[in-house]
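Step one of this worksheet: look at the structure below.
The model shown is predicted, which means the values in this text are computed figures rather than measured ones.
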Amino acid sequence: MGDPPSGTPHQSDFERGRTTARSMSDRELLDLHAQGAAAFRAGVWDVLDAEVRRRQRVSDRQTAEPHVDEERYPALRITVILVKVSSAVVLIATVAIGIIYLGTNALAALLIVVVGVLTAVSYWAGAELLLVLMDIEANTRFLRRNQQ
């Protein structure tokens, strides 16, 4: 195949340029980019410009946070609070009943406490699941809005 005509860079030159640009600090890259397109050959400028734009996109994605609209799903938010309160009540009641039964039947007291703790944890997990689903919905809406 041979070498390309003079002035035409090899594909490996572009790859080396991309690798070099990616290894530069933000300051170094911006200093070079500030010199403008006239200071570089076309291929070199394209690589620098592409890397600056890539870093800006990454920065924009990292700093952007989904807007969580607290007014969405008010009934679910109230339900989450009620389920968490119910979980705490179940746990407290379970411990109290377990202490009462401890004097008469230790095995029954242990069984009541175990079942009560599992119930309380299940209630709490259900409330957290609702929060996760609402967060997923908010993130999906945010990403959809940013893609348009």
Side-chain angles (χ1 to χ4, degrees), residues 1 3-101 109-148:
M1 284 202 161
D3 291 334
S6 84
T8 306
H10 285 94
Q11 184 65 23
S12 63
D13 291 339
F14 285 119
E15 293 305 318
R16 273 198 314 262
R18 283 188 192 104
T19 303
T20 302
R22 287 188 179 207
S23 68
M24 291 178 162
S25 70
D26 288 342
R27 174 75 358 235
E28 291 172 328
L29 188 65
L30 291 175
D31 286 345
L32 284 176
H33 194 263
Q35 294 176 18
F40 301 98
R41 290 184 315 189
V44 175
W45 173 253
D46 293 341
V47 169
L48 283 174
D49 192 49
E51 180 61 17
V52 167
R53 284 185 279 122
R54 184 191 72 80
R55 288 187 188 187
Q56 186 60 47
R57 283 192 311 270
V58 169
S59 175
D60 290 347
R61 269 190 237 127
Q62 289 174 345
T63 58
E65 292 184 17
H67 171 68
V68 178
D69 191 1
E70 291 297 326
E71 295 181 17
R72 288 183 70 89
Y73 311 114
L76 281 179
R77 294 187 189 283
I78 292 169
T79 302
V80 166
I81 293 170
L82 291 175
V83 171
K84 285 186 175 184
V85 168
S86 298
S87 173
V89 169
V90 166
L91 185 62
I92 293 169
T94 297
V95 171
I97 293 171
I99 291 172
I100 292 170
Y101 273 92
L110 178 64
L111 185 62
I112 288 171
V113 169
V114 168
V115 169
V117 167
L118 288 175
T119 302
V121 168
S122 297
Y123 282 5
W124 196 274
E128 291 292 323
L129 178 63
L130 289 174
L131 290 175
V132 167
L133 291 173
M134 287 188 285
D135 287 345
I136 289 171
E137 185 275 335
N139 288 336
T140 303
R141 190 171 1 100
F142 170 76
L143 290 174
R144 179 71 175 192
R145 193 176 311 138
N146 284 346
Q147 288 177 350
Q148 294 175 350

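Considering only residues two or more places apart in sequence or on other chains, Asp46 meets the salt bridge (charged side-chain N to carboxylate O under 4.0 Å, His left out) condition with none of them. Taking Thr119 as the reference, Val90, Val115, Tyr123 meet the side chain to side chain contact (heavy atoms under 4.5 Å, CB included) condition, with sequence neighbours excluded. Residues meeting the salt bridge (charged side-chain N to carboxylate O under 4.0 Å, His left out) test with Arg55, sequence neighbours left out: Asp26, Glu51. For Val114, the side chain to side chain contact (heavy atoms under 4.5 Å, CB included) partners two or more places apart in sequence, or in a different chain, are Leu110, Leu118. Partners of Val117 according to the side chain to side chain contact (heavy atoms under 4.5 Å, CB included) rule, which considers only residues two or more places apart in sequence or in another chain, are Leu91, Val113, Val121. Checked against side-chain hydrogen bond (donor to acceptor under 3.5 Å, both in side chains), Asp31 has the following partners two or more places apart in sequence or in another chain: Arg27. Residues forming a side-chain hydrogen bond (donor to acceptor under 3.5 Å, both in side chains) with Glu137 (at least two apart in sequence, or on another chain): Arg72, Arg141. For Thr79, the side chain to side chain contact (heavy atoms under 4.5 Å, CB included) partners two or more places apart in sequence, or in a different chain, are Val83, Leu130.
Within the structure, the salt bridge (charged side-chain N to carboxylate O under 4.0 Å, His left out) test picks out the following pairs touching residues 84-99 (sequence neighbours left out): Lys84-Glu128.
Summarising the geometry of Leu76 relative to Met134, their closest heavy-atom pair is CB-SD, 3.9 Å, with the distance given to 0.1 Å. Across Gly98 and Ala109, no two heavy atoms sit closer than the pair O-CB, 3.3 Å.
Just one of Ile97, Ile92, Ile99 meets the side chain to side chain contact (heavy atoms under 4.5 Å, CB included) condition when paired with Val95; it is Ile99.
Here CG of Leu133 is found 10.0 Å from OH of Tyr73. Values are rounded to the nearest 0.5 Å.
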